[in-house]
Number of protein chains: 2
Amino acid sequence: MDGKSPKIQDVATVAGVSTATVSRALSNPDLVSEKTRELVLDAVKRTGYRVNRAAKNLRKRQSDAILALLPDLGNPFFSQILSGIESVFTTSDLSLLVSDTKGIREDNLLDYFMDMRADGMIILDGAIPRDVLTQMQNSAFGNRIIFACEWKPEFEFPSVRSDNFGGAVQAVEHLHSLGHRKIGHISGPRNNVLTKERLRGVESAMEQLDLTINRDFFIDGGAFSLDAGAQAARSFMEMTERPTAITCGSDLIAMGFISEISRRGLKVPDDISVIGFDDIEIAGSFIPSLTTIRQNRTQIGVLAASYLLDQLANRLPPQTTPVQQVDVKLIPRQSTAPL
Amino acid sequence: MDGKSPKIQDVATVAGVSTATVSRALSNPDLVSEKTRELVLDAVKRTGYRVNRAAKNLRKRQSDAILALLPDLGNPFFSQILSGIESVFTTSDLSLLVSDTKGIREDNLLDYFMDMRADGMIILDGAIPRDVLTQMQNSAFGNRIIFACEWKPEFEFPSVRSDNFGGAVQAVEHLHSLGHRKIGHISGPRNNVLTKERLRGVESAMEQLDLTINRDFFIDGGAFSLDAGAQAARSFMEMTERPTAITCGSDLIAMGFISEISRRGLKVPDDISVIGFDDIEIAGSFIPSLTTIRQNRTQIGVLAASYLLDQLANRLPPQTTPVQQVDVKLIPRQSTAPL
DNA sequence: TGATCGTTTGTAATCGATTACAGAAAACGA
DNA sequence: TCGTTTTCTGTAATCGATTACAAACGATCA
């Protein structure tokens with residue numbers, strides 16, 4: 001009350017108890033008697049006391065912060081996941097740190113833990129070098145990591161992800177139900193897990209439906225970007241025989257593709273049906289509006305954050321490294337039409 | 001070296017000096033002799049020492065973190081600014097905290113400082129309640145805040161922003177040079193500074209060029225969103241007389257607008273030229289690709305972060321509350337055409 | 001030579017919480 | 001009533017750095 005911000009000692013004095021009791025009353029209320037607790041709480045209110053986090057963190061060897069690691073902060077795809085993550089953390093007064101994986105090299109990921117800058121990590125990038133992850137897994141911090149969206153198949157970290165396989169299946173089934181039989185696919189970055197899952201889904205669904213898989217109709221886009229789609233469109237134009245419908249590894253690919261073939265005189269969905277993946281915000285307003293597989297990105301963020309919180313609070317059975325799959329949903333719009 | 005992570009005392013022992021000397025050698029090298037410095041640096045290397053941030057921060061009353069406050073984490077527009085901010089901070093080992101302004105009420109913004117969770121703030125939201133800002137300005141932390149993109153005209157906080165006025169002027173001049181004389185505008189959220197600046201720019205340019213300002217051609221979009229654009233399109237369709245070209249408060253508005261009028265049979269740019277503002281990633285691949293005013297969002301982030309860093313390090317004259325304007329640039333594409 | 005000054009170093013206090021340990025008080029059982 | 005256990009509280013050590021203060025040292029100069 002005298003200018004400086006009050007410390008625990010001030011509260012103790014006002015309440016007429018020791019600092020230990022104040023500390024306990026605040027962070028472990030069961031340990032003090034009802035009467036003392038009220039005394040302390042009242043003193044806290046009167047003094048306007050707030051715990052000093054640096055002091056608390058120093059003593060408890062923690063940081064009250066979680067790091068979200070994105071492959072590219074500039075990529076809008078991730079912002080919605082971040083939003084989900086943040087919504088969980090604000091309610092439990094943890095801070096959300098964000099960083100680009102571009103800045104990550106060698107061992108400085110582990111440093112976040114060593115430096116006590118973060119208590120846990122949510123990794124949104126499946127392309128973290130293997131040895132970095134090995135190092136993390138072998139450290140004491142291995143259980144403070146969760147993957148979201150992407151993941152590393154060869155590691156045992158828990159993860160939250162969309163049902164990528166199922167989404168691709170739905171896409172193919174949708175096209176099939178519209179009468180399409182010659183179906184192609186434009187895939188994303190080569191070694192990406194999402195690329196693989198979605199491709200696998202397309203192939204599996206086509207087999208299920210007894211469709212002939214024509215390898216020429218499968219284009220390696222090499223990225224999830226608009227450019228990749230435009231590039232794929234150029235290959236597409238050169239085909240002698242063309243598919244009547246095409247599934248894409250991402251909405252951006254689909255839009256880049258549509259954009260480029262439109263420029264070259266083809267019409268969507270008249271000449272070819274196109275379906276995306278993600279349902280990014282713009283998908284509904286693209287022209288033509290894009291049929292796509294909606295990923296619930298906010299939910300992915302929420303689930304990942306909640307899991308990590310439980311894990312850090314030791315509220316989970318230690319052995320589990322679960323994979324949580326989030327359902328996806330086909331959103332039919334105007335980029336697909338009956339054959 | 002013996003399992004636990006080494007502390008400053010260990011380094012001191014190895015180097016044969018006191019902890020004070022080690023501390024000085026690391027954070028204030030000029031204070032120790034050449035010889036000792038080498039001794040210490042060598043010992044640091046041998047022990048693998050890293051300073052404990054919690055301890056350092058407790059003692060120095062700081063947090064080594066900066067908070068970025070976004071109006072909506074789920075909005076992709078901001079991710080690129082974040083990227084710029086982050087690129088600056090990683091090089092100076094500050095952490096980047098992010099938070100949604102939705103979670104902000106009453107006084108808990110100041111709490112970030114009181115709790116020593118952040119040393120500074122970059123605010124990307126012009127809609128922070130006035131009394132919250134007044135409180136901040138009057139506190140000891142008033143000089144640790146900078147606005148980016150948006151700002152509060154009635155406060156004296158430093159800010160980094162695009163040349164919104166100039167951008168709008170360029171847009172009108174572009175349309176004028178294409179022969180358009182009947183020019184309209186769809187504006188963004190009502191009380192937003194960007195909305196006002198851009199509107200002002202449009203009006204000013206039209207006056208300069210001796211164009212008649214027809215109030216009926218100015219539509220209040222009410223937001224920067226796709227929906228706002230679509231909504232505006234409906235008003236547009238009902239006009240008896242229509243402008244031949246329209247400037248929009250944002251790319252999303254422009255796209256929503258184009259999307260909706262296309263659905264109703266109008267063609268862009270044949271029937272009407274449309275120009276956006278922002279140059280978001282998708283703008284170039286929209287159909288038709290969108291003529292727009294490019295904001296250098298990364299640079300805004302970089303400038304804001306750098307300024308804040310300098311300010312915190314006391315490297316700036318104390319009195320300055322500068323406004324840094326970042327140039328914008330017209331990107332001509334296919335949504336605008338000669339009359 | 002001794003006074004004076006600047007440079008370099010060490011000692012120990014400090015930042016503000018948490019918590020191990022021990023002691024006091026209350027509750028309980030016989 | 002007297003142990004014994006349980007509940008509650010206080011003392012003081014601890015987390016690991018920074019830095020005020022003082023001392024030691026060497027250089028400089030009259």
Side-chain angles (χ1 to χ4, degrees), chain A residues 1-41 43-44 47-65 93 111 113-117 119, chain B residues 1-41 43-44 47-64 93 111 113-117 119 313:
Chain A
M1 283 276 133
D2 53 354
K4 293 286 150 199
S5 69
K7 28 191 107 174
I8 200 169
Q9 179 60 62
D10 301 329
V11 179
T13 308
V14 170
V17 297
S18 74
T19 61
T21 301
V22 174
S23 176
R24 281 189 282 250
L26 292 177
S27 51
N28 239 332
D30 296 345
L31 290 182
V32 304
S33 73
E34 173 90 30
K35 195 188 295 180
T36 341
R37 201 182 319 149
E38 280 168 13
L39 228 52
V40 170
L41 259 37
V44 166
T47 51
Y49 171 74
R50 335 205 68 232
V51 311
N52 178 311
R53 295 178 103 93
K56 173 182 179 170
N57 290 340
L58 169 57
R59 181 59 221 239
K60 302 187 83 171
R61 299 159 159 285
Q62 61 175 27
S63 68
D64 278 354
D93 87 352
D111 286 354
F113 288 134
M114 302 296 280
D115 283 358
M116 300 195 310
R117 282 159 63 179
D119 295 338
Chain B
M1 284 275 132
D2 53 355
K4 293 286 150 198
S5 69
K7 29 191 104 172
I8 200 169
Q9 180 60 65
D10 301 329
V11 179
T13 309
V14 170
V17 297
S18 73
T19 61
T21 301
V22 174
S23 176
R24 281 188 282 249
L26 292 177
S27 51
N28 239 331
D30 295 346
L31 291 183
V32 304
S33 73
E34 172 92 29
K35 198 188 290 180
T36 341
R37 200 182 318 148
E38 280 168 13
L39 228 51
V40 171
L41 259 36
V44 167
T47 52
Y49 170 74
R50 335 206 67 231
V51 310
N52 178 311
R53 297 179 101 94
K56 172 181 181 172
N57 290 340
L58 168 58
R59 180 62 221 239
K60 301 187 82 169
R61 301 160 158 283
Q62 60 175 28
S63 68
D64 277 353
D93 88 350
D111 285 355
F113 287 135
M114 302 295 280
D115 283 358
M116 298 196 310
R117 281 159 65 180
D119 294 338

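Per chain, numbering begins at 1; letters A, B, ... match sequence-line order.
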| said: Regarding A:N57 and A:S63, do their side chains bring together a donor and an acceptor under 3.5 Å, going by distance alone? | reply: no
| Does anything in residues 48-57 of chain B pair up under salt bridge (charged side-chain N to carboxylate O under 4.0 Å, His left out), and if so which pairs, sequence neighbours excluded? | A:D111-B:R50, A:D115-B:R50, A:D115-B:R53, B:R53-B:D64, B:R53-B:D93
| query | Is it true that a side-chain atom of A:S23 and a backbone atom of A:T19 form a donor plus acceptor pair closer than 3.5 Å? | reply | no
| query | Can you name the side-chain hydrogen bond (donor to acceptor under 3.5 Å, both in side chains) partners of A:N52, sequence neighbours left out? | reply | none
| query | Can you tell me how far the OG1 atom of A:T36 sits from the CG atom of A:L31, to the nearest 0.5 Å? | reply | 11.0 Å
| note | B/S/- along nucleotides 6-18 of chain D (protein heavy atoms under 4.0 Å) is --SBBBBBBBBSB
